[in-house]
Amino acid sequence: MAPRYEPHEIEAKWQRVWEDERAFNVPNPRPGEEAPERHWYQLEMLPYPSYNGMHMGHVLNYTMGDVITHVRRRSGWTVVRPMGWDAFGLPAENAAIREGGHPREIAERNIDTIRAQMQRLGWAIDWEREVSSHDPRFYRWTQWLFLKLWQEGLAYRKSAPVNWCPNDQTVVANEYVVDGRCERCGAEVELRNMTQWFFRTTAYADELLEYPGVDWPERTKTIQRNWIGRSEGAEILFRVDELDEDLAVFTTRADTLFGATFFVVAPEHPFVEAHASEDAKAYARHAGARPAEERAAETEKTGAFTGHYATNPVNGERLPIWVADYVLMDYGTGAIMAVPAHDERDGEFAAAFHLPVRLVVGEDGRLGSSGEFDGLPAAEGARAIVARLQAEGRARPTVSYRLRDWSFSRQRYWGCPIPAIHCERCGVVPVPEEDLPLLLPEVEDYAPKGKAPLASNEEWLRVDCPQCGGEAQRDPDTMDTFVDSSWYFLRYVDPHNDEAPFDRFVVDYWLPVDQYIGGIDHTTGHLLYSRFFVKALNDFGMLGFREPFARLFHQGWVQMGGTKMSKTKGNVAGPEAIVEQYGADAVRLYILFMGPADQDMEWTDSGIEGIVRFLRRLWRVVHEVAERAPAEGEPGALTRKANETIAKVTDDVLRRFQFHTPISALMELLNELGGAPDAPDARFAAETAVSLIQPYAPHIAEELWSALGGERLWRQPWPQADESQLVRETFELVVQVNGKVRDRFHVDAGLSEHDLVARAREREKVRVHLNGGEPRKTIVVPGRLVNFVV
RNA sequence: GCCGGGGUGGCGGAACUGGUCAGACGCGCCCGACUUAAAAUCGGGUGACUUCGGUCAUGCGGGUUCGAGUCCCGCCCCCGGCACCA
């Protein structure tokens with residue numbers, strides 16, 4: 001009799017063994033010593049410990065990573081699979097304000113809960129590499145990297161309009177403003193002019209458009225490319241004769257220059273304040289104060305004449321200069337030449353203010369009314385016009401981007417302090433490297449008040465200038481948490497390094513990350529920032545690659561009530577209830593069996609019974625086989641089925657990234673095995689089933705492997721399909737007449753096409769449908785079918 | 001509007017390069033066995049219609065092909081990204 005299946009007992013037992021035997025701890029290579037050549041860096045996006053526990057979306061994500069880790073490990077790869085915590089950030093801070101307590105306590109409590117859940121689920125993680133962004137041993141190096149980027153000119157300060165969240169009382173990066181609202185809290189953001197720290201992400205705009213040697217989903221690359229928004233065009237200077245001043249415009253349609261009939265500047269353009277009429281200034285003040293969202297939603301064009309004229313450099317025409325809010329200050333030069341005939345928005349404006357319209361590109365795509373350029377195709381015309389103006393010093397080809405530099409200062413407490421000192425005499429001075437980490441001080445009150453909470457900590461704020469020794473002040477802002485997550489994957493592989501953020505030899509060994517798994521919502525944020533960091537650090541000579549993530553997979557959302565699980569919506573389901581009732585193996589199998597991992601899925605536990613039945617049947621059948629004396633005889637159908645399953649599971653996991661179909665295949669194998677537990681190859685089939693299910697359900701697999709007399713399944717080589725067993729000796733031949741199946745019967749696989757046709761024609765059902773006639777055409781698909789066309 | 005992804009049984013989904021009557025595997029449902037009974041377990045059935053010969057079925061309409069869920073053209077619907085970006 002088989003013992004009872006007690007998931008809690010066997011799961012605890014094997015988790016202890018794995019820990020004692022350091023089953024999933026992986027050493028780093030050392031220079032001069034031999035290290036495994038086949039290595040694999042398996043990474044899933046690090047969790048944000050804002051919940052007191054994981055939800056099923058996390059479980060899906062990390063279980064997928066776990067399956068890959070096991071299959072790769074057992075296929076001969078040395079797999080590193082670390083884990084850590086994105087612990088800084090607003091949710092912990094807001095929770096602390098709401099509930100009392102310190103954000104550190106809340107973050108660390110949540111980390112403890114999540115870590116315990118992860119361990120309970122039995123994931124193959126190298127816990128000795130655990131890092132947390134709020135740990136001074138980590139953020140010391142975040143600060144160090146900031147100083148490096150600053151020193152190299154990739155971090156700088158400037159006053160610029162930034163997104164201000166009035167609820168969180170802090171700046172929010174463009175990437176995390178959705179529909180004009182703060183992605184975190186949903187409050188409508190305002191534009192504010194503030195002096196902020198920026199990373200010069202635009203320095204890599206062109207390179208970020210390319211993905212050399214990188215296997216990413218097409219849609220992800222498209223989203224990033226849309227976000228970067230590269231347009232080729234030209235900057236053209238228009239002269240304002242009476243002011244003896246030039247105004248630059250950016251255009252992608254230099255071919256329409258002869259069609260310009262007016263000129264427009266953005267309300268925020270310095271020209272308005274300097275030279276515009278009082279009416280125009282009043283308009284600009286009013287328009288500029290409106291939120292960008294509202295401006296964009298406006299269908300009616302509004303504007304005012306400034307009282308000045310700009311001269312079109314190509315034909316000397318004087319164009320009235322208007323101010324209008326449909327022109328944006330932060331794209332191009334904040335000024336445009338308006339061509340109402342060839343630009344929809346300019347056309348609307350011209351209609352509203354009765355301005356002239358002049359057509360200069362014909363139906364045939366060639367220029368007209370354009371002087372010497374008449375007859376040229378548009379693209380060629382644009383080049384020719386820019387070339388002529390360039391010779392006159394009035395134009396140059398340029399490229400414009402939608403991408404903005406990343407503003408990363410936050411007026412909040414719970415983040416990495418910025419190691420910069422403001423000195424009246426010396427300006428902004430870096431904190432000396434030997435003074436790092438610059439510790440986050442304790443403060444009494446970190447409630448947002450519109451200025452950084454650290455600014456109220458006088459004692460911390462006051463400091464001697466490292467350059468002149470005079471009285472100076474620390475920078476009171478903290479860094480965006482996306483700075484932490486832009487390099488955590490580098491620290492994971494060298495987490496205990498006290499000399500540097502990471503060792504180049506070590507990162508060059510493990511990285512780029514072989515497989516990254518995470519949500520597509522991070523496409524224009526974290527994923528773009530991480531690429532920026534890696535390119536910059538490569539330029540600094542700190543590492544030897546330019547892309548952080550070689551392969552990328554986005555899991556679908558686990559939803560409840562049709563929307564993504566979120567704590568604020570209250571639709572969160574965690575694994576604990578199912579773990580408690582059925583064990584970790586059941587949860588792991590069930591979440592992967594729910595459907596294709598890249599598709600959104602509606603959470604329901606109504607199907608868990610099927611998985612539990614499967615596990616119990618597996619338990620019973622394998623024990624039944626283990627207790628029988630092996631039968632004598634030739635391998636048969638079970639051997640072939642087992643080999644087919646090996647091929648299917650391996651291919652699905654490693655090549656197709658499909659995790660639910662292997663479970664179906666294993667169910668099929670078990671169904672066959674259950675029907676023939678006394679077959680001569682039952683033992684082989686049982687061993688194969690247990691071995692193949694190990695990545696999904698490692699605890700029951702270990703236990704059953706022991707029952708079959710094996711040991712340490714996690715160290716056993718991944719099964720290889722025996723090709724010779726995949727070849728069938730007979731197959732079912734389908735016979736069609738005019739494409740309709742009329743008969744099917746088993747034939748020897750070795751028959752020639754001629755024989756197949758002959759055998760097919762003998763069949764009674766086929767003869768009836770052939771009606772005595774001769775087929776006009778016969779199609780033979782070897783190994784499958786014969787089709788007669790009459 | 002532009003770009004990307006997707007529409008298959010009551011449900012989740014399978015069918016990987018056009019080729020074994022599309023629907024694997026599981027859920028649900030129905031029937032049966034065991035049981036005093038229930039649960040659990042085990043066995044069987046389950047796309048629709050049917051005059052039981054078949055016929056119709058993968059969002060809709062057309063096309064290519066001996067053969068289309070799979071390829072092509074047009075349309076409808078759903079999801080995601082970008083959007084007054086010159």
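Below, chains carry the letters A, B, ... as their sequence lines are ordered, and counting in each starts from 1.
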Enquirer: Counting the atoms with a prime plus P, OP1 and OP2 as sugar-phosphate, which does A:T524 contact under 4.0 Å by heavy atoms, base, sugar-phosphate, or nothing?
Expert: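 Counting heavy atoms under 4.0 Å across all strands, no contact is made by A:T524.
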Enquirer: Under 4.0 Å between a Lys/Arg side-chain N and an Asp/Glu carboxylate O for A:D246 and A:R394?
Expert: yes
Enquirer: Considering only B:C84, B:A86, B:C42, which nucleotide approaches the side chain of A:R620 most closely?
Expert: B:C42
Enquirer: Look at the side chain of A:R656 and decide which nucleotide, out of B:C84, B:C16, B:G28, has an atom nearest to it.
Expert: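 From the listed options, B:C16 comes nearest.
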Enquirer: Base, sugar-phosphate, or nothing for A:Q736, non-hydrogen atoms under 4.0 angstrom?
Expert: base
Enquirer: Using the P atom as the reference point in each nucleotide, state the distance between B:C16 and B:G69 in Å, no decimals.
Expert: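 Going atom to atom, P in each nucleotide, I get 12 Å.
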Enquirer: At 4.0 Å (heavy atoms only), tell me whether A:E668 reaches a base, stays on the sugar-phosphate, or touches nothing.
Expert: sugar-phosphate
Enquirer: Given atom OH of A:Y211 and atom P of B:G4, what is their separation to the nearest angstrom?
Expert: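 My rounded result for the distance is 15 Å.
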Enquirer: Roughly how far apart, to the nearest Å, are B:A38 and B:C29 at atom P?
Expert: 16 Å
Enquirer: Side chain of A:R617, heavy atoms from C-beta onward: which of B:A14, B:G13, B:C42 has the nearest atom to it?
Expert: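 Among B:A14, B:G13, B:C42, the one nearest the side chain of A:R617 is B:C42.
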Enquirer: How is A:P596 classified with respect to the nucleic acid when contacts are heavy atoms under 4.0 Å: base, sugar-phosphate, or nothing?
Expert: sugar-phosphate
Enquirer: Scan A:L785 against the nucleic acid and name what it touches under 4.0 Å (heavy atoms): base, sugar-phosphate only, or nothing.
Expert: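 Base: the residue A:L785, judged by heavy atoms under 4.0 Å, touches a nucleobase.
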Enquirer: When the distance from CH2 of A:W603 to P of B:C27 is rounded to whole Å, what number comes out?
Expert: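 It is 15 Å, rounded to the nearest whole Å.
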Enquirer: When the distance from CZ of A:F250 to P of B:C85 is rounded to whole Å, what number comes out?
Expert: 12 Å
Enquirer: From the list B:G26, B:A40, B:C84, which nucleotide is the closest neighbour of the side chain of A:F593?
Expert: B:G26
Enquirer: Please pick, from B:C27, B:C85, B:C66, the nucleotide with the shortest atom-to-atom distance to any side-chain atom of A:L328.
Expert: B:C85
Enquirer: For a quick check, tell me whether the side chain of A:R225 and the base of B:C3 share a donor-acceptor pair closer than 3.5 Å.
Expert: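 Donor-acceptor pair under 3.5 Å: no.
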Enquirer: Could you tell me whether B:G9 is syn or anti, where syn means a glycosidic angle within 90 degrees of zero?
Expert: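 You should classify B:G9 as syn.
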Enquirer: Reckon A:S664 has a side-chain N or O less than 4.0 Å from the OP1 or OP2 of B:G13?
Expert: no
Enquirer: Base, sugar-phosphate alone, or nothing: which one does A:E344 contact when heavy atoms must sit under 4.0 Å apart?
Expert: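 The residue A:E344 makes no contact with any strand.
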Enquirer: To the nearest Å, how far apart are A:R230 CZ and B:C82 C1'?
Expert: 18 Å
Enquirer: Would you mind reporting whether A:P340 and A:T261 have side-chain heavy atoms less than 4.5 Å apart?
Expert: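 They are in contact (side-chain heavy atoms under 4.5 Å apart), so the answer is yes.
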Enquirer: Looking only at N and O atoms, is any donor in the side chain of A:N226 or the base of B:C82 less than 3.5 Å from an acceptor on the other one?
Expert: no
Enquirer: If we call it a pair only when both distances are under 3.5 Å in a Watson-Crick or G-U wobble match, what pairs with B:G1?
Expert: B:C82
Enquirer: Between B:G12, B:A14, B:C66, which one does the side chain of A:Q658 approach most closely?
Expert: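 Per side-chain heavy atoms of A:Q658, the pick is B:A14.
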Enquirer: With respect to the side chain of A:N787, which nucleotide from B:G28, B:C3, B:G19 is positioned closest?
Expert: B:G19
Enquirer: Can you tell me the pairing partner of B:U41 across any strand shown, Watson-Crick or G-U wobble, with both distances under 3.5 angstrom?
Expert: B:A33
Enquirer: Do A:W603 and A:Y590 pass the ring-ring contact (aromatic ring centres under 6.0 Å, His included) test, and can you show the C-alpha distance, the side-chain angles, and the key distance before you say yes or no?
Expert: CA-CA 11 Å; A:W603 171 252; A:Y590 181 58; 5.8 Å; yes
Enquirer: Please give the distance between the C1' atoms of B:U64 and B:C71 as a whole number of Å.
Expert: 8 Å
Enquirer: Both distances under 3.5 Å, Watson-Crick or G-U wobble: report the partner of B:C75, or none.
Expert: B:G59
Enquirer: Hey, are A:S231 and A:Y331 close enough side-chain-wise for a donor-acceptor pair under 3.5 Å?
Expert: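 Yes, a side-chain donor-acceptor pair sits under 3.5 Å.
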Enquirer: Just how far, in rounded Å, is P of B:C78 from CH2 of A:W557?
Expert: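 Taking atom P of B:C78 as the reference, CH2 of A:W557 is at 22 Å.
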Enquirer: Please name the nucleotide paired to B:U64 by Watson-Crick or G-U wobble geometry with both distances under 3.5 Å, or report none.
Expert: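 By the stated definition (distances under 3.5 Å), nothing pairs with B:U64.
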Enquirer: Partner lookup for B:G18, please. Criteria are Watson-Crick or G-U wobble with both distances under 3.5 angstrom; report none if nothing qualifies.
Expert: none
Enquirer: Could you please name the option among B:C66, B:G12, B:C85 that lies closest to any side-chain atom of A:V789?
Expert: B:C66
Enquirer: Run through A:F263, A:F349, A:F271 and flag the one making a ring-ring contact (aromatic ring centres under 6.0 Å, His included) with A:W322.
Expert: A:F349
Enquirer: Quick one: look up who B:C27 pairs with, Watson-Crick or G-U, both distances under 3.5 Å, and put none if it's unpaired.
Expert: B:G10
Enquirer: When the C1' atoms of B:G62 and B:G45 are compared, how many Å lie between them, rounded to an integer?
Expert: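 Approximately 39 Å lies between the C1' atom of B:G45 and that of B:G62.
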Enquirer: Under a 90° cut-off about 0 for the syn range, is B:G54 syn or anti?
Expert: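 Judged by the O4'-C1' to base torsion, B:G54 sits in anti, the angle falling more than 90° away from 0.
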Enquirer: By the 4.0 Å heavy-atom rule, please label A:V327 as base, sugar-phosphate, or nothing.
Expert: base
Enquirer: For A:N671, which contact category applies under a 4.0 Å heavy-atom criterion: base, sugar-phosphate, or nothing?
Expert: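 Sugar-phosphate, no base atom in range.
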Enquirer: What interatomic distance, in whole Å, is found between P of B:C49 and the corresponding atom of B:C42?
Expert: 31 Å
Enquirer: Which comes earlier along RNA chain B counting from the 5' end, the contact point of A:M601 or that of A:W227, where each point is its nearest nucleotide?
Expert: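 Its nearest nucleotide being more 5', the pick is A:M601.
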Enquirer: Which is true for A:D651 with a 4.0 Å heavy-atom rule: it touches a base, it touches only sugar-phosphate, or it touches nothing?
Expert: base
Enquirer: Check the distance between B:A86's C1' and A:F263's CZ and give it to me in whole angstrom.
Expert: 12 Å
Enquirer: Is any NZ, NE, NH1 or NH2 atom of the basic residue among A:R253 and A:D343 found under 4.0 Å from an Asp or Glu carboxylate oxygen of the other?
Expert: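 A salt bridge is absent here (no side-chain N lies under 4.0 Å from a carboxylate O).
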Enquirer: Examine distances only and state if a side-chain atom of A:Y582 and a backbone atom of A:I608 form a donor-acceptor pair shorter than 3.5 Å.
Expert: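 Such a contact is absent between A:Y582 side chain and A:I608 backbone.
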Enquirer: For nucleotides B:A57 and B:C3, find the distance between their P atoms and express it as a whole number of Å.
Expert: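 These two P atoms come out 33 Å apart once rounded.
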Enquirer: Pair A:E624, A:R628 - check salt bridge (charged side-chain N to carboxylate O under 4.0 Å, His left out), show working.
Expert: CA-CA 7 Å; A:E624 198 179 333; A:R628 276 172 198 266; 3.2 Å; yes
Enquirer: Which residue lies toward the 5' end of RNA chain B, A:I779 or A:D652, if each is placed at its nearest nucleotide?
Expert: A:D652
Enquirer: A:Q224 versus A:L208: any side-chain heavy-atom pair under 4.5 Å?
Expert: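 In short, these two side chains do not touch, never coming nearer than 4.5 Å.
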Enquirer: On a whole-Å scale, what distance lies between the C1' atoms belonging to B:A40 and B:U46?
Expert: 23 Å
Enquirer: Counting only N and O atoms by type, is there a donor-acceptor contact under 3.5 Å from the side chain of A:R404 to the main-chain atoms of A:D330?
Expert: yes
Enquirer: Would one find a side-chain N or O of A:H660 under 4.0 angstrom from OP1 or OP2 of B:A14?
Expert: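 Answer is yes, contact under 4.0 Å.
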Enquirer: Taking only N and O in the side chain of A:R219, is any of them less than 4.0 Å away from OP1 or OP2 of B:G80?
Expert: no
Enquirer: Take atom CZ of A:F659 and atom C1' of B:C16, then tell me their distance rounded to the nearest Å.
Expert: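 Value for this atom pair: 15 Å.
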Enquirer: Roughly how many Å apart are B:U51 and B:C78, using the C1' atom of each and rounding to a whole number?
Expert: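 Per the computed distance, 41 Å lies between those C1' atoms.
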Enquirer: Closest approach to the side chain of A:D325, judged atom by atom: which nucleotide of B:A86, B:A40, B:C84 is it?
Expert: B:C84
Enquirer: Rounded to whole angstroms, how far apart are CD1 on A:I611 and P on B:G12?
Expert: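 Taking CD1 of A:I611 and P of B:G12, I get 17 Å after rounding.
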Enquirer: For A:R4 and B:A40, is the shortest distance between a side-chain N/O and OP1 or OP2 below 4.0 Å?
Expert: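 Indeed not, no polar side-chain atom of A:R4 lies that close.
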